[in-house]
Asks: 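My structure is below; once you've seen it, I'll send some questions.
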Amino acid sequence: MFAMFTPTPADKFTFGLWTVGHRGRDPFGEATREAINPVTIVRRLAELGAYGVNFHDNDLVPIDASVIERDHIVGEFRRALTETGMRVPMATTNLFSDPAFKDGAFTSHDPRVRGYALQKTMQAMDLGVELGAETYVFWGGREGAEVDAAKDPMDAIKRFRDAINFLCEYARDQKYALRFALEAKPNEPRGDIYFASTPAYLAFIQTLDHPEMVGVNPEFAHEQMAGLNFYHVVAQALESGKLFHIDLNDQKPGRFDQDLRFGSESLKTLFFVVKLLEESGYSGPRHFDAHAYRSENTDGVWDFARGCMRTYLILKDKARQFAEDDEIQSLLAEIRGADERLPAYDRGVATHLKGFVFDRAALASRPLPYERLDQLVIELLMGVRTGKRVSG
Ligand code: GLT
Ligand code: MN
Ligand code: MN
């Protein structure tokens, strides 16, 4: 049983350097554990069966490093990747820690700040591509406001668009095979962040010069903070061909961004998310954007990482059980009935439909045994259904 839920690189699990490297700092307290250097992170994650590791430019190279220091750090990191076979499928820019970005990066009023943000991102794209990244994430942590009197949200959208258009051209000019993934969050660290949810980005992408290069990176915690159903959000991203990356974690409703261990709180929703990812043919990395409880020491960090991957695999197995469970499947068939697509519009169809007499009472009386179905799902998740076929 244990071996069954032991990850391998084929599962495509990734972690950010900033996730397992998180030192337990929060707005009220200092770090509770030592920094773990990127090379150690790569080696430990490889031992645990991960596929790869992602980073912000400054997770790897300090913002004030000299060129010599940069080359040394990147060289050591690359060696660890080669020795372990670990990949870097995604990279991103830190456009939120430096005080220069205190009022935004791409959406700042100050054109010098916007220029610096572009410069920093181009350099970080170079670094990411150098290490093999195929996806480039944009999380605009400081792109927002506390004082709406000071900033025009329409200007912010236009400035953000200019930045993404500029960087798409840069990627094309450099012949980088990079895809961009935009990550939404409703608030924190700003009072309000522009593009508060993934669907806002899905609409925005259509207004770009190269919409085909740009998709989304939804994060469970962020949509949960906004009170949205992550399963539905991911479904929309997938259905529109825009799920370029995904940040998996957990989060209690109505709280700050907790970035909890995957599956520590919201098993039912996450079951449907895993089922969706597995059944839709999503082939990208399963990235855990989470960190260990502040009370953990370094050993606990690896317990955390192991737990994220193990829970994902257990939920994946539950999805298989769901598909193979006769009682669930026959109930679903009964509920769904003959789910035919209606004919497309033509004038004859419309005329026929307008004149047709529907039996409203018959429509309303259709039984929908959702209580039974949901209870079966709950029992499956609680482990009292075997997952074996129950027919007969
Ligand atoms: C930061 C944020 C995450 C983003 C990271 C990528 S940075 O940790 O909380 O949700 O995915 O920039
Ligand atoms: Mn994230
Ligand atoms: Mn988060």
Side-chain angles (χ1 to χ4, degrees), residues 13-27 31 41 52-60 63 88-98 101 104-106 117 120-121 124-125 127-128 133 135-144 160 163-164 167 178 180-190 193-198 201 215-228 230 233-234 237 243-266 270 273 284-294 304 308:
F13 293 134
T14 62
F15 291 83
L17 289 181
W18 71 94
T19 63
V20 280
H22 196 279
R23 299 186 56 198
R25 232 180 241 115
D26 71 17
I41 291 177
V53 66
N54 307 315
F55 58 80
H56 300 85
D57 47 356
N58 305 135
D59 298 340
L60 188 61
I63 195 166
V88 175
M90 177 273 258
T92 182
T93 329
N94 184 326
L95 294 174
F96 43 89
S97 295
D98 195 273
F101 302 122
F106 298 144
K120 193 169 191 293
T121 305
M125 285 165 64
L127 176 64
T135 304
Y136 203 82
V137 162
F138 291 82
W139 174 66
R142 298 281 171 197
E143 315 290 10
F160 197 81
I164 299 295
L167 293 164
L178 268 186
F180 292 178
L182 310 181
E183 178 178 346
K185 186 173 180 180
N187 59 273
E188 194 196 320
R190 298 313 299 263
I193 296 179
Y194 302 126
F195 305 103
S197 64
T198 297
Y201 272 137
V216 291
N217 177 38
E219 171 172 321
F220 180 79
H222 299 177
E223 308 296 320
Q224 176 90 327
M225 286 168 74
L228 303 181
F230 190 64
V233 167
V234 174
L243 190 73
F244 285 8
H245 199 265
I246 188 162
D247 278 5
L248 300 170
N249 56 16
D250 214 330
Q251 168 80 23
K252 290 192 188 189
R255 286 165 174 77
F256 64 95
D257 185 29
Q258 295 178 299
D259 293 334
L260 297 170
R261 187 182 76 259
F262 182 70
S264 54
E265 296 292 335
S266 318
L270 292 175
V273 170
R286 277 78 169 153
H287 173 70
F288 298 108
D289 189 7
H291 49 78
Y293 302 123
R294 184 167 186 265
F304 148 83
C308 288

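As the structure lists them, so they are numbered: ligands from 1, and atoms in each ligand from 1.
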Asks: Angle at the Mn ion (ligand 3): provide the value between OD1 of D259 and OD1 of D257, rounding to 10 degrees.
Replies: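 An angle of 80° at the metal.
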Asks: Answer whether the closest heavy-atom distance between the side chains of L95 and F106 falls below 4.5 Å.
Replies: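 They are in contact (side-chain heavy atoms under 4.5 Å apart), so the answer is yes.
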Asks: Pairwise, report which nitrogen or oxygen atoms of ligand 1 are under 3.5 angstrom from protein nitrogen or oxygen atoms, and how far apart they are.
Replies:
unit_1	atom_1	unit_2	atom_2	d
ligand 1	8 (O)	W18	NE1	3.2
ligand 1	10 (O)	E183	OE2	2.8
ligand 1	10 (O)	E219	OE1	2.8
ligand 1	10 (O)	H222	NE2	3.4
ligand 1	10 (O)	D289	OD2	2.8
ligand 1	11 (O)	E183	OE1	2.6
ligand 1	11 (O)	E183	OE2	2.8
ligand 1	11 (O)	D247	OD2	3.0
ligand 1	11 (O)	D289	OD2	2.8
ligand 1	12 (O)	H56	NE2	2.8

Asks: E219: which N/O/S atom is nearest the Mn ion (ligand 3)?
Replies: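 Closest to the Mn ion (ligand 3) among those atoms: OE2.
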Asks: Under 3.5 Å, is there a donor-acceptor pair linking the side chains of N94 and N58?
Replies: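 Side chains of N94 and N58: no pair found under 3.5 Å.
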Asks: Scan F96, F180, F244 and name whichever one has a ring-ring contact (aromatic ring centres under 6.0 Å, His included) with F138.
Replies: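 Answer after filtering F96, F180, F244: F180.
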Asks: Give a rough value, rounded to 10 degrees, for the angle at the Mn ion (ligand 2) between atoms OD2 of D247 and OD2 of D289.
Replies: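 D247 OD2 and D289 OD2 form an angle of 90° at the Mn ion (ligand 2).
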Asks: Do Q251 and S266 get their side chains close enough for a donor-acceptor pair, meaning under 3.5 Å?
Replies: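 Checked: Q251/S266 side chains show no N/O donor-acceptor pair below 3.5 Å.
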Asks: State, with a plain yes or no, whether a side-chain heavy atom of F230 is found less than 4.5 Å away from one of V273.
Replies: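 Yes, close enough: below the 4.5 Å cut-off.
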Asks: Tell me, do L167 and Y136 make a side-chain contact under 4.5 Å, heavy atoms counted?
Replies: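 No; the side chains remain at least 4.5 Å from each other.
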Asks: Report the atom name of the nearest N/O/S atom of E183 relative to the Mn ion (ligand 2).
Replies: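 In E183, the heteroatom (N, O or S) nearest the Mn ion (ligand 2) is OE2.
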Asks: Within the structure provided, determine whether F220 and L260 are in side-chain contact (heavy-atom separation under 4.5 Å).
Replies: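 SC-SC contact between F220 and L260 ruled out.
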Asks: Indicate yes or no: does D250 engage R261 in a salt bridge with an N to O separation below 4.0 Å.
Replies: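 R261 and D250: not salt-bridged.
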